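Small disclaimer: the values here were computed from a predicted structure and weren't measured. Numbers restart at 1 for each chain; the letters A, B, ... are given by sequence-line order, proteins then strands.
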Amino acid sequence: MEYIIMILSCVLVNNIILAQFLGICSFLGVSNKVSTSLGMGMAVIFVMALSTLVTSLLQKYLLVPFNLTFLQTIVFILVIATLVQMVEIILKKISPPLYQALGIFLPLISTNCAILGIAILVTQKPDFSLLDSTLYAIFTAIGYTVAIVIFAGLREQLSLVKVPKKLDGVPIALIISGILAMAFMGFANLV
Amino acid sequence: MNKLKIFTNGFIKENPALVLILGTCPALAVTTSAMNGLGMGLATTFVLVMSNAIISLLRNFIPDKVRIPAFIVIIATFVSIVDLLIQGFVPALAESLGIFIPLIVVNCIVLGRAEAFASKNTVFDSILDGLGMGLGFTLALFVMGFFRELLGNGAILGHKFIEGDGILIFVLAPGAFLVYGFTIALMNLLPKKKSKETENVKTE
């Protein structure tokens, strides 16, 4: 039951993009087509789960016991950047089809603030176990995927209509995100 | 390029938040009030100036192949310094900016300027560039925060001048997207005039 509430909260109520404003760059950047945004979503789920697991382990067994939490930002960003590079190399060797599907998105992800953001956020929740943290990351990443796929669908339709010149491109995309965020606010009292 | 141009480049012409569309996450998240926007902008400016200065000093010593990790370590160091300073001296601001202070490290503006400008130019120019870009970002955040606070709370810089609530949606998530979108659209109205002016200057 606890996890059902968590998944509802992560995907619908506290959606990482539409309510917490993390990962907006990739949200605006890779949302032109539904298929690419789906690939990006999958890559984010994969990397976010892995990086949150690793950073939670580091936080629990290295930073906290040795009183080094002030180094959190530096350690986390380096670990995530290295991890993404490693995943890219390993995927290339082990599973070329998966690499084909996710590969181009991986370099984009290492500077995605959503990944670092969630890694830091879960360390701020004291009662989270390692399993909780990883699940939280996965559910959040699913929320990211849901938002970006819906948004890509809207943008595909948008490319068919005439938009006032000054609003074309990023401004209209942001205004549509605003309306989408309004729709997601309807879930506010769900949990 | 003369010094003044380097400095003012980030204000309007290449405003990081409104023209280059970088640093979108903090621009949306912390602009619930003008003061928050200002605080976030100044914190980013500090990181930009310091990291630009250090990277420009070290630009001849950092091997090209490992420059990105090296830049990230330098930036992360200054972000940690800012984080601890804000927590120590302005705890209220730390509370309202929350996770977005450590996230300055993944702000594309900082790494972008390090890569595009500081790694190729002299220390003084890099500091000017960092300062200009940072202040441009601050300006954008302040303007957005100002409008969101005004419409959402009926307040200017924390001073409420109407009774009751404002248009609440503007301080909530959707308002962030809407205000950001319309601010960029407003900026799109400006450059035309600006570029004509500079063209005139050039031809003269």
Side-chain angles (χ1 to χ4, degrees), chain A residues 14-29 69-78 80-82 85 107 109-121 123-124 163-185 188, chain B residues 18-32 68-69 72-84 87 98-112 168-170 172-192:
Chain A
N14 287 317
N15 188 287
I16 184 167
I17 292 174
L18 300 170
Q20 299 192 56
F21 310 115
L22 293 169
I24 304 287
C25 301
S26 57
F27 178 66
L28 293 175
T69 40
F70 64 93
L71 286 177
Q72 196 190 47
T73 314
I74 301 182
V75 171
F76 279 17
I77 186 72
L78 284 179
I80 290 170
T82 325
Q85 283 280 307
I109 286 176
S110 55
T111 52
N112 190 328
C113 48
I115 308 285
L116 182 65
I118 293 300
I120 296 175
L121 264 183
T123 64
Q124 289 171 353
V163 178
K165 215 171 155 207
K166 300 292 177 195
L167 280 171
D168 204 15
V170 179
I172 194 76
L174 281 165
I175 290 163
I176 285 178
S177 327
I179 295 167
L180 196 58
M182 264 185 229
F184 270 69
M185 266 177 69
Chain B
L18 300 177
V19 178
L20 305 179
I21 323 289
L22 295 173
T24 43
C25 301
L28 289 167
V30 304
T31 49
T32 46
I68 301 283
I72 291 178
V73 174
I74 293 167
I75 293 166
T77 310
F78 286 109
V79 171
S80 301
I81 293 172
V82 168
D83 192 11
L84 295 173
Q87 271 177 33
I99 192 177
F100 287 93
I101 301 174
L103 284 183
I104 296 174
V105 74
V106 278
N107 190 324
C108 328
I109 301 169
V110 186
L111 192 62
L168 259 183
I169 200 92
F170 280 100
L172 297 172
F177 287 107
L178 294 177
V179 170
Y180 196 13
F182 282 117
T183 316
I184 295 173
L186 270 180
M187 277 300 277
N188 283 348
L189 291 174
L190 287 177
K192 252 191 184 164

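- The residue among B/Asp83, B/Val79, B/Leu103 with the most heavy atom pairs within less than 4.5 Å of chain A is B/Leu103.
- In this structure, CD1 on A/Ile118 lies 5.0 Å from CG on A/Leu121, to the nearest 0.5 angstrom.
- At a 4.5 Å heavy-atom cutoff, B/Thr183 makes no contact with chain A through either its backbone or its side chain.
- With a 4.5 Å cut-off on non-hydrogen atoms, A/Gln72 does not touch chain B at all.
- Contact annotation for A/Met182: both backbone and side-chain heavy atoms come within less than 4.5 Å of a heavy atom of chain B.
- Residue with the most contacts toward chain B among A/Leu28, A/Ile179, A/Leu18: A/Leu18 (heavy-atom pairs, distance under 4.5 Å).
- Interface remark: A/Leu78 contributes side-chain atoms only to the contact with chain B (heavy atom separation under 4.5 Å).
- Under the 4.5 Å side-chain criterion, counting only non-hydrogen atoms from C-beta, A/Asn14 is not in contact with A/Phe184.
- Contact detail for A/Pro171 and B/Asn188: the closest heavy-atom pair is CG-ND2, 4.0 Å.
- Under the 4.5 Å side-chain criterion, counting only non-hydrogen atoms from C-beta, A/Ser177 is in contact with A/Phe27.
- Among all heavy-atom pairs drawn from A/Gly23 and B/Cys25, the shortest one is N-SG, 3.5 Å.
- Only the side chain of B/Ala176 has a heavy atom closer than 4.5 Å to any heavy atom of chain A.
- At least one side-chain heavy atom of A/Ile74 sits under 4.5 Å from a side-chain heavy atom of B/Ser80.
- Heavy-atom distances place both the backbone and the side chain of B/Leu28 under 4.5 Å from chain A.
- Residue with the most contacts toward chain B among A/Gln124, A/Gln20, A/Met185: A/Met185 (heavy-atom pairs, distance under 4.5 Å).
- The choice from A/Leu22, A/Thr82, A/Ile176 that makes the most heavy-atom pairs within less than 4.5 Å of chain B is A/Leu22.
- When A/Cys25, A/Ala181, A/Gly178 are compared by the number of non-hydrogen pairs under 4.5 Å with chain B, A/Gly178 comes out ahead.
- Note: B/Ile169 leads B/Asn107, B/Ile169, B/Ile68 in heavy-atom pairs under 4.5 Å with chain A.
- The side-chain heavy atoms of B/Phe78 and B/Val105, taken from C-beta on, include no pair separated by under 4.5 Å.
- In this structure, the side chains of B/Phe177 and A/Leu180 stay at 4.5 Å or more apart for every pair of heavy atoms.
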